[in-house]
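Here the structure comes first, spelled out in structure tokens, and everything after it is commentary.
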Amino acid sequence: MHSIDYNKLPKHIAIIMDGNGRWATKKMLPRVMGHKAGLEALRGIVKACSDIGIKVLTVYAFSTENWNRPSDEVSFLMKLLVDYMRKETAELHKNNVRIKILGDLSPMPDMTGKEINDALKLTQNNNGLQFNIALNYGGRAEIIKACKALLSEALSKNISIDAIEDTMFEKHLYTEGDIDPDLIIRTSGEQRLSNFLLWQSAYSEFIFPEKLWPDFGKEDLLNAIYQYQSRDRRFGALK
Ligand code: IPE
Ligand code: IPE
Ligand code: MG
């Protein structure tokens, strides 16, 4: 284990928590047990990020495409999520964590929506780790949402098309006000974005650990940060 440089931490870490189903299948368990174990892993990683001093953690919990899974898996996942919120919010609040949701909550079951809104309200003034949960999130849907909002703003305020700039667009993304992710981690060996943070990942560094999400712990996080710190970020410029 190498030691990381605490003066060069990524400010924003985003994680595609993948491999829950495979984790369960390998143990001859139903897939949903993998999601349960995945939420345990999440608990540890949120705590670790908060302790290390990461400013923003974004996790991909449910994509706009995940509705295409069998309905019993979807409803179990939603139940687990409500459970997670119910059990974790007090602890997160105690640790000064601010919870934010990225995604469209309107199609969520009423109970899920209520639990989430309570958590958002309780933690809204905290200034420790910002914990973004991407829920019913899709990068393309987010971009279309922002296009529509920007277009209607331009029409109502008489802004000319030529005057449109990045910053005006970003104001309408779910990540409004957040810095872009410095580091994106996807577990389970898959190497794709699956519609995650398409706009925001323009200059992110990517790390793809083989471990399945339920097995991913603080050591693995520190290891990813260590690898990140050896990368040479140029942003299109020369050194
Ligand atoms: C990630 O694990 C969690 C969600 C997508 C909700 P998966 O359920 O995708 O696990 P695998 O990829 O099938 O192993
Ligand atoms: C991405 O994982 C979504 C989440 C982790 C929530 P998926 O397992 O849904 O992605 P694909 O289908 O392998 O691309
Ligand atoms: Mg998967």
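Just follow the structure's listing: the first ligand is 1, and inside any ligand the first atom is 1. Here the structure is a predicted model, which is why all the values come from computation and not from measurement.
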**Asked** Tell me, which residues have any heavy atom less than 4.0 Å from some atom of ligand 1?
**Response** M17, D18, G19, N20, G21, R22, R31, H35, A61, N66, R69, L77
**Message:** For I184, run the side chain to side chain contact (heavy atoms under 4.5 Å, CB included) check against Y60, F208, F206 and tell me which one passes.
**Reply:** F206
**Fill in**
Atoms of ligand 2 under 4.0 Å from any heavy atom of R192, numbered from 1 in the order shown, are 11 (P), 13 (O), 14 (O)
**Asked** Looking at side-chain heavy atoms only, is the closest gap between E205 and R233 below 4.5 Å?
**Response** yes
**Fill in**
Of all heavy-atom pairs linking L150 and M168, the shortest is CD1-O, 3.9 Å
**Asked** Yes or no on side chain to side chain contact (heavy atoms under 4.5 Å, CB included) for V74 and F62, after CA distance, side-chain angles and deciding distance?
**Response** CA-CA 9 Å; V74 171; F62 193 87; 4.0 Å; yes
**H12 and D182: side chain donor to acceptor below 3.5 Å** = no
**Message:** For N/O/S atoms only: which one belongs to D18 and is nearest the Mg ion (ligand 3)?
**Reply:** OD1
**Message:** Distance to the ring centre below 6.0 angstrom and angle to the axis at most 45 degrees; does that hold for K211 and W213?
**Reply:** no
**Asked** So is K100 actually on top of Y174's ring, under 6.0 Å and inside 45° of the axis?
**Response** no
